[in-house]
Every structure is written in C-alpha cells, then in structure tokens.
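Chain identifiers are assigned alphabetically (A, B, ...) following the order of the sequence lines, protein sequences preceding nucleic acid strands; residue numbering begins at 1 within each chain.
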Amino acid sequence: MDFLSDLNPQQREAVTAADGQVLVLAGPGSGKTRVLTHRIAWLIREQRIPPYHILAVTFTNRAARVMQERVQNLVEGSLEGIWLGTFHSQCAKLLRREEDLLPFKRNFVIFDEDDQLSLVKKAIHELNLDEKLYRPGGVLAAISNAKNQLILPEEFPARNYREEAGRKVYKLYQEKLEQNNALDFDDLLLWAVRLLADHPDRRDAYAHKFEHVLVDEFQDTNLAQYELLKLLCGYHGNIFVVGDEDQSIYRWRGADYHNVLRFEKEYPDCRKILLEQNYRSTRTVVETARAVIDRNTQRTHKNLFSERGEGLKITLYEAMDDHAEAAYVVDTIAQLISTKEVPGSDLAVMYRTNAQSRLLEEAFIRSGMPYRLVGAQRFYGRREIKDVISYLRLASNPADEISLTRAIGVPPRGIGDKTLTTLALAAQKAGVPPGEVLLDLGRSADASRFWAEFKGRGAALLADFGAMLTNWQKLAAEAALPALFDAIIADSGYQAYLVDGSEEGDIRWENVMELRRLAFEFQELGLVPFLENLALVGDQDTIPEQSDAPTLLTLHAAKGLEFNTVFITGLDEGFLPHSRSRDDPEEMAEERRLFYVGLTRAKDRLYLVRAEQRSGYGAPEWSSPSRFLDDIPASLVTRKGISEKSGKPAHKTEYFTTWTLDRNRNASQEPVEMKYKAGMRVKNENWGEGMVVDARLQDGEERIDVFFDSVGFKRLIASMAKLEIIGEGK
DNA sequence: AAGGCCCTTCTTTTT
DNA sequence: GAAGGGCCTT
C-alpha cells in the first residue's frame, strides 16, 4: 500500500515482517516511531487484525499519545479496543479487571514516591530500627530493586543482619500497602506478573487475546517487564520490539539493556533489523555522537550515518563560571532568535540535574526572554495539589492512611499527634483501618462504639472530620466528580486556608482551580480513573505543545525529542559524568549514553558548554572539563570562551554572586569585601533603580543605604539584598 | 496543638 | 542552598 512508500528498505522490512519475533535496533533519528506506528497500521489495514488483539506499550505517556495519534492518522477506522499505553497504565488496567484474584480492591490507589517513603518510614519505626542507620530512601531503593527483579519479601536475601532488617521492612511495607488498599509503581508490574504466572487460565486468556505485542524503548525494560511480555506473547509468539542499547539511561530504575541480548537468546529465530540511517542530524552531529558512543563496549555496533550535508561545526564554549555559562547560553539564544536563524521553539538547553536549571532560568528572566521548563517543580508535587488529592483519595479509599494523615492535618483543625496515635490504636484494636473508625464516628458520633476511646475534645473533632468524610464518600459514589471536588473544598475550608491575602496564596489557589479543571475533564470516567491518571501521568505531559520559547530540560527528559539547536551545559567532571558514577564502570557507561542521547537530539547546531568554576553546594569550586569532551575529534569543533587565544572571554559575569549571610560563622573570621560605594547606581527586582547613599562595615556586614527612585530610602545588608550594580557613579 | 527557628543533610536521572 | 527534622515557644 502507498503508506509504505515513505519508508526505506530496512524500515519497510521491519514494518512488513512476517509473524514471529522481530527485534529492531534503531539508532537515534532513524525512524523508530515511524516503524512502530506503521507496523501497527499495517497489521490493522493489511493483515486485518482487529485493534483489540493488539497490545502496544511505551514508557511515557507522551510516547503513547504520539503513537496513538500517528496510528490513527494511518488507519481509517476506529482504534477502539486497542491496548496502547505505558507499561504501568496497562498493568493497572489489567489489575482492576482481575481484582477478584488479588488481595486488594478495584479502587486501589497508586502510591507515589512520597507516599512510599512515608510508608517505609512507618515500617522502620514500627520495627524499632534506627532511621539513621537504615535510611528510608536507601531501603526503599532496595525494595524497589527487588520488586523490579520479581523478588518477594520471602526471597529477599538475608545473609547478614542488615539484609535481614531490609527484608523485615520490605515485608511490613507490603503488608501496609495491602492494608492501605494501595500499590506502588513497581507493584503494578509485579502483581501483573504474579497474576499471570499464578493463574494459568488468566495467562492463557490474555495470551490468546493479544495476537500482537509491540514494545517501544525495549532497552529500558526491567526484568519484571520482560517477564510480563513473555507471558503475554506466550501463545501467538508475535512480539515486535524496538530499541537502542545506546540510549539506555534508566539503569537506576531497574532497566537492563541486556534484555536485548536475552531476547535474542530466548528467540533464536527472531528477525533482527538494524536501522542505521539518521535522518535528523547533520553529518558533523552524527560523527560527534558516534565518536562518543563508540567508546562503550558491550553493545551491538551500529554504523550510524547521515546523508544530510556536513553542516556546521559544533561549538565548545568554556566560561569562567556557571553564571557566565548561563549568560552565554541566553545571549547566544537571543542572537539566534533575533536573526531569525532558529525559531525559539526549536531551541533546547539540556543539563544533567534539575538543580542546574536555576541559573539558566535566572539568566532568561533577566534577559526578559520567555522559556519553558520541563519537569523540575512538579505540578502534582505542589503542596496544595497533594493536599486536595489526599482528600479525594481518602473519599475514594478510606483505607489510605497516608492520605488520611495529610488530610486531617490541613487546614489545622486541632487534631494532633496524640489524637492520631489514639486513633491508630483504636483502629488496630478493632482490626479495621483508621478511616473506618473515622467514618463510624462521623455517622453516629457519641453513639459510635469508638467514642469512648477518645477523650472529649479529640472525639468531637474526629467525629466532625468523620462526618465530612462520610459525606464525601457518598458523593464519590453518587455525584459527579466536580461536585465532589467542590464539596471537599467547601467543607474542609481549604480555600479560606490557602487564600490568605498573599500573592503566594493566590497562586496556590490558582493551581487548585487548575486541578479542578482537570477533574472536570474526568467527570465521565469518574474518581478512580482520575486518581490513577494523576498518579501515572508525569509532568512532561502537562507542558503545552505549542510554544515558541526555548525549552529547558534534563538530558533524561530529552530522550525522544529533537531540536534544531541544542545546548548541553555543565560539561564538567562531576556533573556530566555525574560524580556518583565515578567508581562504577557500568554507571560511567550510562553517563556516556546520556551524553549521547543529548548530542543526538540536535538537528543542525550543537553547543557544548562548560565552566572553569561552578558552585556545587555553597561556595564555587574549580572544575575540570568532562572526560567525554576528549573523545570528540578536534576537527569537528570550534572552541570559544576562555580557551580562546585572543585573551579575554567574550562573556564576563556582569552581576556578582550574592552570598547568603552565614550566621553561625563568627563574622570577624571572614573579612567582608566592600562592594558598594556612595554614588553607585543599583537595581533591585522589587524596588527598581536607586543610588547608594552610604556604605559602611558594621557587625561584620557591609551595610548600605540606598535611595530608590520609586520607593525612597532603604537601609540594607549588602549580602542579603539582591542588588545589581548598574553604574559605578562618580 | 501549632508555628517558628535552627540545624543538618544532601543532590541524579522518573514511570 | 533547599528542605526536612528536631526543638523551642506561644
């Protein structure tokens, strides 16, 4: 059919491959998504496979959405019935269908990382372990690891006391999840595998259903996902996986690109197809990327090539410090946009860690240029959002103690630790979740069998809260989602609590209203799908698609995207590669892949940026160039910045670091450098411009008096006030 | 019970 | 340089 005509021979071979196992190893920019979408379309259009016989899984919601849209464009009919989504969402779907066989109810909630951590802490405390010795984060990571490898608490290694403690926490943690009628992310996969492995009839039913299984980003699968796929394609044996070992960057989350090799071994007859032509980038970009990735061993060597022209040389800019680095990036972007060489939307700035976005953002704000930031301050991670969600979760699932604790405390309603402890004890004694005790108190107040457990005030307060909850639960079952939402806001007094006259309060309230709009969109589907969506949809999906502003994002978030021009910042040892991977060759190889992913996002222009000095925690430290830079052939690079022979750097930090006042340190130990003198013109974000009237050293601080043009006289501590010197005066 | 202050402790990446 | 935890005060 003609929809295959825009494919190259390898792509077409993959798309039209006969039944059986197909492994497509696709280099960056080689048309991986195109192959996947055309394959699905081909199955439906040419092979007459009904959509409900197809399962296609991705890792991100964004990828799933893109795939759905593109397939829809290729297929005339409806895709109704297709199982297309992330591993986690498809597993949730499966588990909600099969609740009868599982130790939790259909309305289970999905615990995010914060919830998980709370639960682990509880478990550690209950086992009388020392939080200092058994770090909740570390223990949780070990548990998550175990789950990714399908290791249950009973099978968790206990070769020493420490591991034994870990096993106990794991076991208790699982019991608590069950009591809370909750699953964590890993559980979604783990329980799906267990369900199919333990119930052959269910396994066969699904294996028959899914005539074709397709997988995106196969190199990022963990063992649980691998096993799940194996179970699901066990009858027809039609599994089509697409991946690239060189783009495996989720090892820390259990991903194991060796699954590619495992796949080849497991299915010796599998058809293996390499996609090596890169349609995205110039030859210079591709050569650069190749030079970097070829240093990694243990991979299927690919001969990535581009037939686009040679293109521009890449730029390596070395700045004095991280402020100058940000200034360079923003200035260069401003130039590219103003000369219309590149539209803002086709520019991206990438970095290793989210923390590195701060200076860049500040530089953008200072320049007055718009930008969009991916990830970082999660919408769903905001306090006010978590608060409201905790009410909703509680209404949906009163067994959720994490939400109960949160909801009962905000706004403050006189219920403190002591009352909560009593509540927990009463619940334990009666063998019901604390939520049930609350509901009972709410329904019958002093006639409740629990009333006597609490002393006067506590009982009344709990009963009040319980009455609210009873009402919400009723609304959750009977009313539409927006009605429940409004009732919760009204009953809890949350609006009055948030909106306190401050600007921050208004912003927070706006966010709550944003959540309400989202709830509106889910009124057809209802509360449980709404909550599931909140848990499984990340922030990448909430960013507006249309925007002409440059994008700031981590290298991880950049996977799967492409931009005309890419800046990769922080190319210094300890940052990229990150210091935490210094001693582990496997980790180091992954850092290299991460860099490779960043490089291959660029179509035309690539800027690599580093700084001689950058601040890690507090004070600035000297840094040395990333080792990865050594691997790039000098012939492809134009060097700029302090390494230029010409002498002075093109960019100098024209604003200085405002260091915070360290109150613990005796001021006299640290001589304060006087920066201001009378007559200088200065500028502050809030007060605008002004003139320094007086500057003096007092109590170990530089104190200055400034007369601002708009607001008049202010007495300031220099190190605290965010001032910018805009003129030296006389 | 709740809010404020100071101290410590980290920081990778996220479905 | 932020955020959470512990301790103090009201």
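Between L189(A) atom CG and dT14(B) atom P the separation is 18 Å, expressed in whole Å. When the C1' atom of dT13(B) is taken as reference, atom CZ of R592(A) falls 18 Å away, rounded to whole Å. Distance CD1 (I408(A)) to C1' (dA1(B)): 13 Å, rounded to an integer number of Å. Rounded to whole Å, atom C1' of dA3(C) lies 13 Å from atom CG of L117(A). For the pair R406(A) CZ and dG4(C) P, the computed distance is 10 Å after rounding to whole Å. Rounded to whole angstrom, the span from the NE2 atom of H556(A) across to the C1' atom of dT13(B) amounts to 4 Å. Between the C1' atom of dG1(C) and the CG atom of N354(A) lies a distance of 15 Å, rounded to the nearest Å. Atom CD of E362(A) is separated from atom C1' of dG1(C) by 11 Å (rounded to the nearest Å).
Within the 4.0 angstrom heavy-atom criterion, base atoms lie near E587(A). As judged by a 4.0 angstrom heavy-atom cut-off over every strand, E590(A) is placed among residues making no nucleic acid contact. Contacts of F59(A) with the nucleic acid, taken as non-hydrogen atoms under 4.0 Å apart, involve only primed sugar atoms and P, OP1 or OP2.
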What protein N or O atoms touch nucleotides 5-8 of chain C N or O atoms at under 3.5 angstrom, if any, and at what distances?
{"residue": "dG5(C)", "atom": "OP1", "partner": "K121(A)", "partner atom": "NZ", "Å": "2.8"}

I'd like a table of atom pairs between the protein and nucleotides 2-4 of chain B - only N or O on both sides, under 3.5 Å - with the distance next to each one.
{"residue": "dA2(B)", "atom": "OP1", "partner": "R413(A)", "partner atom": "N", "Å": "3.4"}
{"residue": "dA2(B)", "atom": "OP1", "partner": "G414(A)", "partner atom": "N", "Å": "2.6"}
{"residue": "dA2(B)", "atom": "OP2", "partner": "I415(A)", "partner atom": "O", "Å": "3.4"}

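Of all the heavy atoms in P625(A) and E573(A), the pair that sits closest is O-CG, 3.4 Å. Between R601(A) and A558(A) the shortest heavy-atom distance is CD-O, 3.2 Å.
Close to dT14(B), at under 4.0 Å from its OP1 or OP2, lies no side-chain N or O of T60(A). Considering only side-chain N and O atoms, N222(A) lies nowhere under 4.0 angstrom from the phosphate OP1 or OP2 of dT15(B). Between dT13(B) and R253(A), no contact under 4.0 Å exists linking OP1 or OP2 to a side-chain N or O. Distances shorter than 4.0 Å separate some side-chain N or O of T419(A) from OP1 or OP2 on dA1(B). Neither OP1 nor OP2 of dT15(B) sits under 4.0 Å from any side-chain N or O of N61(A).
Stacking between W252(A) and dT13(B) is shown: the ring centroid lies under 5.5 Å from the centre of the six-membered base ring, and the planes differ by under 30°.
Nearest to the side-chain atoms of T353(A) among the listed nucleotides dT14(B), dT13(B), dG1(C) stands dT13(B).
For Y170(A) and Y173(A), the ring centers are positioned 6.0 Å apart or more.
In this structure, R413(A) fails the cation-pi test against F465(A), since its NZ or CZ atom is not both closer than 6.0 Å to the six-membered ring centre and inside 45 degrees of the ring normal. For R96(A) and F108(A), the positive end sits near the middle of the six-membered ring, less than 6.0 Å away and at most 45° from its axis.
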Should S248(A) and E245(A) be marked as a side-chain hydrogen bond (donor to acceptor under 3.5 Å, both in side chains) after you check the CA-CA gap, both sets of side-chain angles, and the distance that decides it? CA-CA 5 Å; S248(A) 168; E245(A) 294 140 297; over 6 Å; no
Donor-acceptor contacts, no H, no angles, side chain residues 117-124 of chain A, under 3.5 Å, sequence neighbours left out:
{"residue": "S118(A)", "atom": "OG", "partner": "D114(A)", "partner atom": "O", "Å": "3.0"}
{"residue": "K122(A)", "atom": "NZ", "partner": "E401(A)", "partner atom": "OE1", "Å": "3.4"}

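Checked by atom type, the side-chain pair D256(A)/Y226(A) shows no donor-acceptor distance below 3.5 Å. Between the side chains of S144(A) and D186(A), at least one donor N or O sits under 3.5 Å from an acceptor N or O.
Between E217(A) and K32(A) there is a salt bridge, since at least one side-chain N of the basic residue sits less than 4.0 Å from a carboxylate O of the acidic one.
Both H578(A) and F87(A) lie near DNA chain B, and the one whose nearest nucleotide falls closer to the 5' end is H578(A).
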